[in-house]
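First up is the structure itself, then whatever we jot down about it.
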Amino acid sequence: MVKPASRVEKIPPYLFARIDKKKAEARSKGIDLIDFGIGDPDIPTPRNIIEKMKEATENPKNHRYPSYEGMLEFRQAVADWYRKRFDVNLDPKDEVLTLIGSKEGIAHMPWAYIESGEIALIPSPGYPVYKIMTLLTGGIPYIMPLREENGFLPIFDEIPEDILHKAKIMFINYPNNPTGAHAGDDFYEKVIEIAKKYDILICHDAAYSEIAYEGYKPRSILEFDKDKQYSVEFHSLSKTYCMTGWRIGFAVGNKDAIFNLGKLKTNIDSGVFQAIQYAGIEALTGNQDSVEEIKKTFQRRRDLVVDGLKSVGINVAKPLATFYIWAKVPGGYTSADFCEKLIGETGIVVTPGSGFGDEGEGYFRLSITINEERIKEAVKRLKALKL
Ligand SMILES: *Cc1c(COP(=O)(O)O)cnc(C)c1O
């Protein structure tokens with residue numbers, strides 16, 4: 001067999017392989033699985049977006065290659081949405097870039113900015129793409145641990161001065177996957193201060209900026225970086241509009257960063273299917289009632305899950321944003337052992353915290369992307385579980 005490139009061999013083994021095996025085993029025994037493992041909304045995409053997509057597929061103009069950077073109309077819709085939502089002005093021509101889902105843009109950022117041996121600051125636990133893509137470029141991920149006692153925010157004072165001087169980019173993600181944590185204004189102020197002092201490009205993953213409860217409104221990093229000198233922000237339509245399968249997102253912010261990411265992308269992909277961009281315009285500019293409905297659904301589920309966990313002695317606070325519950329593993333098990341035990345004995349699937357980095361060990365993540373009836377059934381089964 002031909003030996004693959006060492007960069008591919010460097011990719012750590014698929015994190016959830018053990019859990020997948022356990023799931024298959026349980027299924028073959030006829031166990032009815034309740035899957036809190038997948039961070040993918042079970043709610044369908046709102047009707048108005050689907051209708052727009054249908055209409056747009058009929059137009060032959062949309063069947064051809066789209067423009068690399070995205071239709072100006074879509075980027076204008078993004079700029080309008082930003083002004084309305086964050087009171088931030090963006091030039092749609094050079095401060096907005098359409099992405100094939102935000103994951104795509106996030107994955108390519110290290111390729112645009114990190115050379116072999118250069119440092120990227122990466123949160124852990126975190127979305128695995130930040131670290132793995134940094135490793136693939138030959139870069140060095142410097143881990144910023146997110147600890148519960150610090151509200152799952154990195155402690156910048158712990159990062160050695162020479163690392164900060166060498167670091168080129170920093171990934172942050174609030175509201176946060178997997179911890180459900182959110183960041184206050186003082187955090188964003190501090191981040192921009194560090195970016196300024198050490199010349200670091202901040203990459204803020206804002207995939208959950210619209211999934212927030214009880215009146216909480218997550219902020220954009222660009223509200224704190226008024227001249228857009230130090231940051232880019234990644235957004236996704238996936239979570240807000242339940243469009244994970246459609247593959248559309250966008251990056252906004254610093255002109256140079258948008259240019260460099262876009263330049264790289266012209267050699268990789270050929271943009272987003274225009275019909276999907278029209279659907280994206282409808283999502284951002286159309287009636288937003290469906291977003292409110294989606295959030296109400298998640299909030300009810302959040303309350304059911306958190307109260308259910310409490311009733312079996314697992315105490316977690318209700319997160320103000322995201323559709324994740326991040327809880328401590330009970331009974332002294334490792335994350336992986338607990339998750340295996342849970343599947344085997346109850347059919348409940350959760351994600352081991354260690355899958356999001358070493359700092360996630362001792363935790364598990366529940367994604368509230370299943371209906372209330374099934375959540376109630378899961379709580380019933382948890383009550384019967386001996387830990
Ligand atoms: C879901 C998710 C993404 C990717 O979203 P897409 O736009 O569907 O690619 C990025 N970051 C985080 C933290 C996510 O949870």
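Counting convention: from 1, in listed order, for ligands and their atoms alike. Basis for what follows: all heavy atoms, side chains included, without hydrogens, waters or symmetry-related copies. In this chain, numbering begins with 1 at the start of the sequence shown.
Among protein heavy atoms, atom 8 (O) of ligand 1 sits closest to Ser238 OG, 2.6 Å. Nearest protein neighbour of atom 12 (C) of ligand 1, counting heavy atoms only, is Asp205 OD2, 3.3 Å. Of all protein heavy atoms, the one lying nearest to atom 15 (O) of ligand 1 is Tyr208 OH, 2.6 Å. In terms of protein heavy-atom proximity, atom 5 (O) of ligand 1 is nearest to Ser102 OG, 3.3 Å.
Residue Gly249 places every heavy atom at 4.0 Å or more from ligand 1. Residue contacts with ligand 1 include Asn173, since one of its heavy atoms falls under 4.0 Å from the ligand.
Selection from Lys239, Arg247, Lys103 by nearest heavy atom to atom 2 (C) of ligand 1 gives Lys239.
Tracing side-chain contacts under 4.5 Å through hydrophobic residues (I, L, V, M, F, W, Y), one reaches Val291 starting from Trp246; they form part of the same cluster. Hydrophobic clustering of Ile, Leu, Val, Met, Phe, Trp and Tyr side chains at less than 4.5 Å, counting indirect connections, keeps Ile276 apart from Leu72.
In the vicinity of Gly101, heavy-atom distances shorter than 4.0 Å reach the ligand 1 atoms 7 (O), 9 (O). Applying the 4.0 Å criterion to heavy atoms of Asn177 picks out, from ligand 1, the atoms 13 (C), 14 (C), 15 (O).
For the pair Lys22/Val349, no side-chain contact is recorded, criterion being any heavy-atom separation below 4.5 Å from C-beta on.
Under 4.0 Å is where a charged nitrogen must lie from a carboxylate oxygen, and between Glu377 and Arg374 no such pair does. A salt bridge links Glu292 to Lys295: at least one charged side-chain nitrogen sits closer than 4.0 Å to a carboxylate oxygen.
Side chain of Arg365 to main chain of Gly353: no donor-acceptor pair is present (N/O by atom type, distance under 3.5 Å, no hydrogens or angles). The backbone N or O of Gly126 sits nowhere less than 3.5 Å from a side-chain atom of Ser124 that would complete a donor-acceptor pair.
Checked against a 3.5 angstrom limit, the closest N/O atoms of Tyr127 and ligand 1 fall outside it.
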